[in-house]
Amino acid sequence: MAQPLPASSKAQNFQRIQGKVTSLVDSNNNKILTYTPTSQHATSQTAKNIKYDYVVLATGATYTAPISPTPQELTLEYRLKGWQAAHQCLEKAKTVIVLGGGAVGVELAAEIVDHYPDKQVTLLDGQWSLVPIFPKYVGDYALRWLEQRGVQVKLGQSLQSWTNTSCTLQDGTVLQADMVYVCFGSKPNSDIAQHQPLCALTNQQTVVVDDTLQVQGVNHTCALSSIFACGDVASPPTHDEKQAFQAEIQGKVAARNVLKLLSNKNNNSNKDELYRYPEDIAGSSKMPLVFVLSLGRYDGVLGFNTLLVPGSMAAIAKWLLEYTKVLHMKGMLLGQLIWKLGDAVVLFLSRTLVLPASGSSSGGFEQQKRLKAA
């Protein structure tokens, strides 16, 4: 946590517990959650139980360190030490390999070459285009930007293995470097569902949910309707891209459905009365694709469905988005107003003027050219 949550003593209906969940139900499928404390102030590592009415799984996904924290980086203090150690290693490195041409890999490679133009950076990916979940123009723009700054981009290169200082391609070619960053294969944090066969999982190990974001199970139990999942760990029927905007809307749907169920004292609300994702929030069966791909400090591509804005405006937009989102998360009035209005405007425009691309995500180039001409 980078910002403090409300203190337990100041909010009687709120408590923050730092621990690792080991089960969502007991041996009789009763709604009892079991966890092991992991806080550095914990006096005991003995498993503890919590009875609950509803659970929301919002555990996200994890990349390889240092992109994501290590299991030992349980506090911001330890995470900061990890950042400092990674920074020192990067500063000493003369050659760097970035594995993965998605948004994480492209942004990392761009940051490195922007801050350290003398370092030799190589970016590898098994796909034949960068950031394939975005319109094709975005990947082409990123490729030109990187190559103009000396980054060696190797596409269509499948990996056999890798270490901290090398990687081996399928054809046996070995590439050496002082640092290797693994920026592909984010792993959903669904261990609890994997180890306890209660929730159904996709092949990617995300938790299957219906349009109310209630989990779908391998065996029907009374606890299933009490468990929700949202964000990167969840797989709703819409098969959304794993983007922050979608995750936040899913969180709102899950929260509203929990409140609706809690408002019924007999706990027998009709499932038809619950909010549906995304229709009852977005007003459409398709969520908008909203993103900003950063390319160093002063460049990037802002995307809203098929509308694309490249250049310095994208960098400014990203800074504004991050700054106001932090204000929003702190509960500041300005941040709350900006994001409440911003979400409403984005959803309205996505339904009326800037519609999501149909089918492939490769559209948008013609609209981008019209924008530049204007």
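In this structure, I32 shares a hydrophobic cluster with no other residue, the cluster being traced through Ile, Leu, Val, Met, Phe, Trp and Tyr side chains under 4.5 angstrom apart. Residue L337 belongs to a hydrophobic cluster whose other members are L333, with links defined by side-chain heavy atoms closer than 4.5 Å.
Of the candidates T212, N257, D211, R276 forms a side-chain hydrogen bond (donor to acceptor under 3.5 Å, both in side chains) with just one, namely D211.
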Requested in this report: Check the pair S186 / D232 against side-chain hydrogen bond (donor to acceptor under 3.5 Å, both in side chains), numbers first and verdict last.
Outcome: CA-CA 9 Å; S186 66; D232 282 0; over 6 Å; no
Requested in this report: Step by step, work out the side-chain contact (heavy atoms from CB on, under 4.5 Å) result for L262 and D53.
Outcome: CA-CA 8 Å; L262 285 171; D53 295 308; 4.2 Å; yes
Requested in this report: I would like to know whether K286 and E279 meet salt bridge (Lys or Arg N to Asp or Glu O under 4.0 Å); could you show each step before the answer?
Outcome: CA-CA 8 Å; K286 194 168 185 179; E279 291 89 341; over 6 Å; no
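Geometric assessment of K20 against the ring of Y35 yields a negative cation-pi assignment under the 6.0 Å and 45° thresholds. Annotation: cation-pi geometry not satisfied between K252 and Y277 (NZ/CZ under 6.0 angstrom from ring centroid, within 45° of ring axis).
With sequence neighbours excluded, no residue forms a side chain to side chain donor-acceptor pair (under 3.5 Å) with T122.
Shown here is M329, whose CE atom has more than 12 heavy atoms of other residues, nucleotides or ligands within 6.0 Å.
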Show me the side-chain donor-acceptor pairs of residues 291-301 shorter than 3.5 Å, one per line, residues at least two apart or across chains.
unit_1 : atom_1 : unit_2 : atom_2 : d
S294   : OG     : K318   : NZ     : 3.3
R297   : NE     : D114   : OD2    : 2.8
R297   : NH2    : D114   : O      : 3.3
D299   : OD1    : Y141   : OH     : 2.9
D299   : OD1    : G311   : N      : 3.4
D299   : OD2    : Y141   : OH     : 3.3
D299   : OD2    : W145   : NE1    : 3.2

Give the table of side-chain donor-acceptor pairs shorter than 3.5 Å for residues 55-67, with sequence neighbours excluded, one pair per line with atom names and distance.
unit_1 : atom_1 : unit_2 : atom_2 : d
T59    : OG1    : N189   : O      : 2.8
T62    : OG1    : N189   : OD1    : 2.7
T62    : OG1    : N189   : ND2    : 3.2

Can I get a per-line list of side-chain donor-acceptor pairs under 3.5 Å for residues 171-179, giving both atom names and the distance, sequence neighbours left out?
unit_1 : atom_1 : unit_2 : atom_2 : d
D171   : OD1    : T173   : N      : 2.9
D171   : OD1    : T173   : OG1    : 2.9
D171   : OD2    : T173   : OG1    : 3.4
D178   : OD2    : K94    : N      : 2.8
D178   : OD2    : T95    : N      : 3.1
D178   : OD2    : T95    : OG1    : 3.4

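Here the shortest heavy-atom pairing between V215 and V207 reads CG1-CG1, 3.7 Å.
The CG atom of L130 lies 8.5 Å from the CG atom of D140; values are rounded to the nearest 0.5 Å. Here the OG1 atom belonging to T22 is positioned 13.0 Å from the NZ atom belonging to K48, to the nearest 0.5 angstrom. Distance check, rounded to the nearest 0.5 Å: CD of E107 to SG of C183 gives 10.5 Å.
Using bins of under 30°, 30° to 60° and over 60° for the plane-to-plane angle, the ring pair W339/H328 lands in the parallel bin.
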